[in-house]
Amino acid sequence: MKLILKNGIVYDPANGINGEKMDICIKDGKIVEKVRFAKEIDVSGKLVMPAGFDIHSHIAGGKVNVGRLFRPEDSLRRLVARKNGLRSGSGYSVPSVHLIGYDYARMGYTTVITPAMPPLLARHTHHELNEIPMIDKAAFPLYDGNWFVMKYISEEKFDELKAYVAWLLWATKGYSVKVVNPGGTEAWGWRKNVHDLDDEVPYFGVTPREIITSLVDACNDLNLPHSVHLHCNCLGEPGNYEITIKTLQLVRHKDFDGRQSLYVTHLQFHSYGGDSWKTFESKADEVAKEVNKNDNVIIDTGNIVFGDTTTMTADAPMEYDLHLLTGLKWVNKDVELETAPGVTPYIYSPKVLVNAVQWAVGIELALLIKPEKVILTTDSPNGGIFTNYPKVIAWLMSKKAREDMLAIVHRSTEHRTVLPTIDKEYDFYEIAMITRTNPAKAAGMPNKGHLGVGADADIAVYDINPLEFNPKDYEKLEKALSNAYLTIKGGEILVREGEIVKVTHGRTFWVDAMSKVDRSLIEKDLDYYFKRYYSVSLSNYVIGENELRRSERVCVS
Amino acid sequence: MRELILKLKEKPDLCLEVEGILPNVIVEKDVGEIENLPIQYGNRKVKLSEFFDISVEKSETPRVVFEGDMSRVKRIGWKLDGGEIIVRGNAGMYLGAFMSNGRIIVEGDVGHFSALNMSGGEMIIKGNAGDYLCASYRGDWRGMSGGTVIVKGNVGKELGSYMRGGKIVVEGIADDFAGVSMKGGLMVINKAKSRPGAGMTAGSIVVNDVDELLPGFFEEGEEENPEIEGEKFEGRFKVFSGDHAERKAKGKIYLRI
């Protein structure tokens, strides 16, 4: 199919295009220089950007399903009937499988990565991803509490570690290395946690510092497209900004050509000062300073949005603490040799000082860190469901939107944060950066997140004129961004004026780095561990490429 | 003002769901429009007139009257926000669920999950009620918050679970686990079977007779003509506090001697 988008106002930071009126030509699912006899669509006066890229959103896997199962009252909050050939569904903070795809497409997003896949539950995760329509997807398997990883690190066997990292990516059809509360989830098996980079994990004797640096080195040595995707220790604890800064400093001198060495996720939950809930305050400025100085780090914000949501992470001790705090229901799971996720509901209330500070921290981080190092997420659904992105964008683009919110939240918020003193307002170029270009670049997907010749024709058009946009009029912006005028994926129009017109199924990206390692190094250990400890056999553990609906293998050179 | 009388033609094979047939909705509509209102029959939508004979009469308040055995008609008065609903016969599941205002009177028995998450209004049940009367919606920890429910007959299990406010009066027998995880409000029960108030942290249960109390309840002495949740009760009561299996439990059970 051939298409020309005529006269749109284009923002494409990867190619330095900042609000220029131009045409975009599409042929065979790619963006091309010129095309003849194509169908023309007039998008004059409308905002044209590459389609959205969400690098951190829990959309599939064991936790998400548990969230659905144990929150029937959340399902009741949103019921969607079958309509125009679309499937029915339910769920507000944890929507059902098909709704996730529809909602993302309506917002103009076409690529989403689910960031925490317990390797043992990879099959389930992929089967769920297979069913999510509209979007391209990938999954990051978890490496943090993995017995193999900790064994090889404690025995200082770096080649074996590399071989295992590559093997697990291949076996689970994963995309990159996710690390959650390194060491903490394994210590949780002993009813403990780690609170410092040098706390030892029981039995294995390794420290979070060793786990992070070894895995960063392994990722860099293997030349994986995405770096280590790290959820730091001590999430959500008052005063955790110190350990966050120490963690960021670990990679100060680990330069890597072409991408970051460390991706730190939902930084908002890791930028708190104070020593108790009473003295809880924002330390976003200190953390932002370190991120700006450090060339090898990229972060995503993990903003919170006020309301009722379901938190789910592979950080079980943290979820348990949260459950003690709120007294609400809670689910914990131990995934054999690998990790320990937890799920609990949470209500972010603007009248609660801690929540109001959290809200401010997320925005401060985005405003204080250089836009080329920021990625916008809400750690969906932990900070708020992804359909709230337009709201967060409005807060970033409009000081008035922030002031209106500050008037509602707890009075003491302004004393605990620096948000009221920040005048910066994002423009559309920078918004395109933090929601499109940066995540695609950080994930190492060269065909995504830009509109240069040869890129995938994933384009979002919004019904708002960016040249006439007044930041005071932020409600209009929110509305426009929530319902894309056009969402084009692979050259096909999926959404027209906020309505889905075509349902497709995207590809699943996974990384094959087996050519760089020698599998025989770990063969013996794999056999031994699977025979002795796992509840499944090695041959049943590995996921075949034929189990993915549309597999997209990324070979590492 | 007027009254809509809906007479069930015959007991349906599948359950009907009459969500949306509310006094405040029908008040502005003419008979033709009312006949065409959609209701759910199994997995398809049908017209109201397909299963009901419809007639309209004058009345003081907006009112909907259901006549016949409605035990296979679900969601009568779902999200009721004013006016009156009268059921001359039995009612099915989810009667008056999520109601916030108005009044429901049932002359027969009602099904499970009636008055679910009720936040206001009044409900009078002249027969028996099923399980989960006045309970919270499945999974929710924020249950009934206001309103009054009076049951002349018996009620099923888990009456008023996660209740936060309002008042329930049961003149018959309440089955096991009445007031489980209660966090507020008042429950007056003639006779409770075993384990009323399991996991309760606040609120009061007044009971004339009980089969078995949980060991989490500690005896606090006796009271004469106590005032409970702002209401005077006559007689002598043994007072229990609990359920101390929970942290900081301040619930009370008053047992008549």
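Quick note on labels: first sequence line is chain A, next is B, and so on, each numbered from 1.
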Nearest non-hydrogen partners of [X] and [Y], listed with the distance:
X      : Y      : value
B:R142 : A:I347 : NH1-CD1, 3.6 Å
B:D140 : A:K329 : N-NZ, 4.4 Å
A:P72  : B:Y137 : O-CE2, 3.5 Å

I'd like to know whether [atom1] of [X] has more than 12 heavy-atom contacts from other residues, nucleotides or ligands below 6.0 angstrom.
X     : atom1 : result
B:K79 : NZ    : no
A:R77 : CZ    : yes
B:K47 : NZ    : no
B:D30 : CG    : yes

A side-chain contact here means heavy atoms from C-beta on lying under 4.5 Å apart; do B:F98 and A:L76 qualify?
yes
